[in-house]
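Values reported hereafter were calculated over all heavy atoms of this structure, with side chains retained and with hydrogens, waters and symmetry mates removed.
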Amino acid sequence: MAKLKLKAGSRPPWVGLAAAFWVQISAGNATNFTLYSSALKSVSGFSQQQLTFLGVANDIGESVGLLPGIACNRFPPWTVLLVGVFACFLGYGVIWLDVSQTIHPLPYWVLWIALVVASNSNAWFSTAVLVTNMRNFPLSRGTVAGILKGYSGISAAVYTVLYSLLLEQSASKLLLFLTLGIPVICLAMMYFVRPCTPPSGEDSSVHVHFVFTQAASVLLAIYLLTVTIIYDKVSLSDAVSYVLLAIVLLFLLSPLGIPIKMTLFRANAETITPLAGSTEHLAEEEGAPSQSVPLLSPSSSTSNLGSFFESEYASDVETLLAEGEGAVKKKRRPRRGEDFKFREAFIKADFWLLWIVYFLGVGSGVTVLNNLAQIGLAFGVENTTILLSLFSFCNFVGRLGSGALSDHFVRTRTIPRTLWMACTLIVMVIAFVLYALAFSGTLYVSTALLGICYGFQYNLMVPTASELFGLEHFGIIYSFMLLGNPVGALLFSGLLAGYVYDAEAAKQGSSTCLGPECFRLTFFVLAGLCGLGSFLSLILTIRIRPVYQMLYASGSFRLPRASDH
């Protein structure tokens, strides 16, 4: 990994986190496919299966992040974000040209590639801010992942409100905003997303700051859902719409209150000591030793981190001497909880169990998300934007709640996060069965349950992968895990749901299918797959429980000691 200069001070990590929220909202632009897919279908005359495969292209681009993962280990975050800016501009620009009929018709394969490029900007945006902020807050990785993924999940509701209040529900205006507006936002935030000295895990204000951030995001989510419902029921004037949008802007700016507060009350902020075991700490060990004495004595957990790195370097020296004397031939492979290279993690059973569980859970959820507009129409819902906002809100609740909930039980009971993946997969089985049976009034209940569980699945994979395989090469490991999303979309949405829908529509003699039969078989198959995923997740939980008992034995995260070679 390239050595990056760290921004010192207690405020920069929080400024970077606040900027990351805007980038994560931008990184949710792929969720807009539901908003403009109907216009794309009607303008181009596509069948449902053709439209579904465009949705698969959307998921492939969003989730194929191997290159961003590699880039995060070699280049500073701003360069990774810059690539995403160009991808967003080029991809959505081409789609806008077609939908607005500026250049029409464009070949199907051109639109498919454009969607891959456009949504791939999400991978560059999200990977850059997620990897950077998890390294900036290494002792709160579950909470940080939950908050960041939560903002990505709630982005659909943000875009829905923007689409309704400002863009007059125009697909071409929405695509123009994605082409120009998103790149401008990310260019403005680029400077602030940078590697920083991590704040001390022992500072009580860190917990307070996270609570404030979570509270602000929850209030934003509730507000967005409320505005969407009000817009559907009441006709609003332009002035009222602008006021409602201004309030959204204030909510998005609220996390900046943390560094502002730290600036106004500088005396409290300056007592924070650098985190032992952080990148800055390692840099000091490699260079000239600092002669300054910290204002606060390190805690026991911090001492464990420091002793781990000291013993690791000592062991490396001993290993080199032993190799020179012929006593040993090579260093041992890492153990779970230590830093793995990608090729080392790739051959581990736990790696593939986690990938399959993620693939089954997220692949099933994204199938519903991609077809949500058509599901709503099939069930007789005229305005499907409420369904999208409901799914987005519950998705946000799942992402944010999963981080806080799993962090609590990991620290107090050393319960692996994968247990919650198993529980939510069981709930997904219930949701899909409710979809298939199509009882009166269950559409919104099923959508809400699925949104929460989808958020759990999407977010819990992130800290789990980092805890099992380390943060050093986390970017590429995380990016490979994300491939479960497009693979699931291809198999479950493109091949299964699209084929079943078109077959039922053909029976009705129309290109549009109406009634619960349009997706019934799809829902039953997805329920079975989620049941299988729950079983595999329980197996993974049993396998990795000793790892969590080692990492969180003291009630807070600590790195494992290096073993003898």
Side-chain angles (χ1 to χ4, degrees), residues 12-31 62-63 65 68-69 72 77 80-81 84 121-158 182 185-186 189-190 192-196 198-199 206 209-218 220-221 251-256 258 362 392-393 395-407 417 454-467 471 474-475 477-479 481-482 485:
W14 297 102
V15 175
L17 187 63
F21 297 154
W22 285 81
V23 178
Q24 281 295 89
I25 293 289
S26 303
N29 61 68
T31 59
E62 181 182 16
S63 303
C72 279
V80 181
L81 291 173
S121 65
N122 296 358
W124 294 89
F125 293 152
S126 183
T127 303
V129 297
L130 185 64
V131 172
T132 302
N133 281 279
M134 287 188 70
R135 287 171 177 167
N136 289 348
F137 298 93
L139 301 187
S140 304
R141 59 185 73 181
T143 302
V144 169
I147 295 173
L148 288 175
K149 286 298 181 182
Y151 270 90
S152 178
I154 204 178
S155 61
V158 174
I182 296 302
I185 290 172
C186 291
M189 297 297 113
M190 191 180 295
F192 302 102
V193 179
R194 58 171 70 182
C196 304
V206 171
H209 294 163
F210 279 129
V211 170
F212 172 79
T213 303
Q214 291 168 327
S217 61
V218 170
L220 172 61
F251 273 118
L252 291 174
L253 290 172
S254 61
L256 285 175
I258 296 172
V362 174
S392 174
F393 173 77
N395 181 20
F396 160 78
V397 171
R399 295 188 187 203
L400 185 67
S402 63
L405 183 68
S406 64
D407 259 2
R417 303 178 197 272
Y454 179 75
F456 262 78
Q457 296 294 319
Y458 204 95
N459 179 62
L460 288 177
M461 175 275 291
V462 179
T464 301
S466 72
E467 286 159 344
L471 283 172
F474 172 70
I477 292 173
Y478 160 74
S479 299
M481 287 288 173
L482 285 182
N485 192 324

Check the pair Tyr151, Val158 against side chain to side chain contact (heavy atoms under 4.5 Å, CB included), reporting the backbone distance first and the verdict last. CA-CA 10 Å; Tyr151 270 90; Val158 174; over 6 Å; no
Take Val218 and Phe396, measure what side chain to side chain contact (heavy atoms under 4.5 Å, CB included) needs, and give me the verdict at the end. CA-CA 8 Å; Val218 170; Phe396 160 78; 4.3 Å; yes
Applying side chain to side chain contact (heavy atoms under 4.5 Å, CB included), run through Val362 and Met461 and close with a yes or a no. CA-CA 10 Å; Val362 174; Met461 175 275 291; over 6 Å; no
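At least one donor-acceptor pair closer than 3.5 Å links the side chain of Asn133 to the backbone N or O of Val129. Remark: side-chain polar atoms of Arg399 are paired, donor with acceptor, to backbone N or O of Lys149 under 3.5 angstrom. With hydrogens and angles disregarded, a donor-acceptor distance shorter than 3.5 Å links the side chain of Asn136 to the backbone of Cys196.
Closest approach of Thr132 to Pro195, counting heavy atoms only: CG2-N, 3.9 Å. When all heavy atoms of Phe212 and Pro255 are compared, the closest pair comes out as CE2-CA, 4.3 Å. Taking every heavy atom of both residues into account, Phe456 and Gly401 meet most closely at CZ-C, 4.4 Å. Ala123 and Pro68 make their closest contact through O-CB, 3.9 Å (heavy atoms, listed as atom of the first residue, atom of the second, distance). Listed here is the closest heavy atom pair of Leu81 and Met190: CD1-CA, 4.0 Å. Arg417 and Leu460 make their closest contact through O-CD1, 3.7 Å (heavy atoms, listed as atom of the first residue, atom of the second, distance).
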Give the table of side-chain donor-acceptor pairs shorter than 3.5 Å for residues 19-31, with sequence neighbours excluded, one pair per line with atom names and distance.
| unit_1 | atom_1 | unit_2 | atom_2 | d |
| --- | --- | --- | --- | --- |
| Trp22 | NE1 | Leu252 | O | 3.3 |
| Gln24 | OE1 | Ser126 | OG | 3.3 |
| Gln24 | NE2 | Leu148 | O | 3.0 |
| Ser26 | OG | Trp22 | O | 3.0 |
| Asn29 | OD1 | Tyr92 | OH | 2.6 |
| Asn29 | ND2 | Ser26 | O | 2.7 |
| Asn29 | ND2 | Asn122 | OD1 | 2.6 |
| Thr31 | OG1 | Gly28 | O | 2.6 |

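Checked against the 6.0 Å centroid threshold, Trp14 and Phe192 do not count as a close aromatic pair.
Leu400 is listed as a side-chain neighbour of Ile147, based on a closest heavy-atom distance under 4.5 Å. Ser479 is listed as a side-chain neighbour of Thr127, based on a closest heavy-atom distance under 4.5 Å.
Taking OH from Tyr478 and CE from Met481, the interatomic distance works out to 12.0 Å, rounded to the nearest 0.5 Å. Of the inter-residue distances, the one linking Ser121 atom OG with Ile182 atom CD1 reads 8.0 Å to the nearest 0.5 angstrom. In this structure, OH in Tyr454 is found 11.0 Å from OG in Ser392, a value given to the nearest 0.5 Å. We find the OG-CD1 distance between Ser466 and Ile477 to be 9.5 Å, quoted to the nearest 0.5 Å. Note: Tyr458 OH to Leu482 CG = 5.0 Å, rounded to the nearest 0.5 Å.
More than 12 heavy atoms of other residues, nucleotides or ligands lie within 6.0 Å of CZ in Phe251, so this atom counts as buried by the packing criterion.
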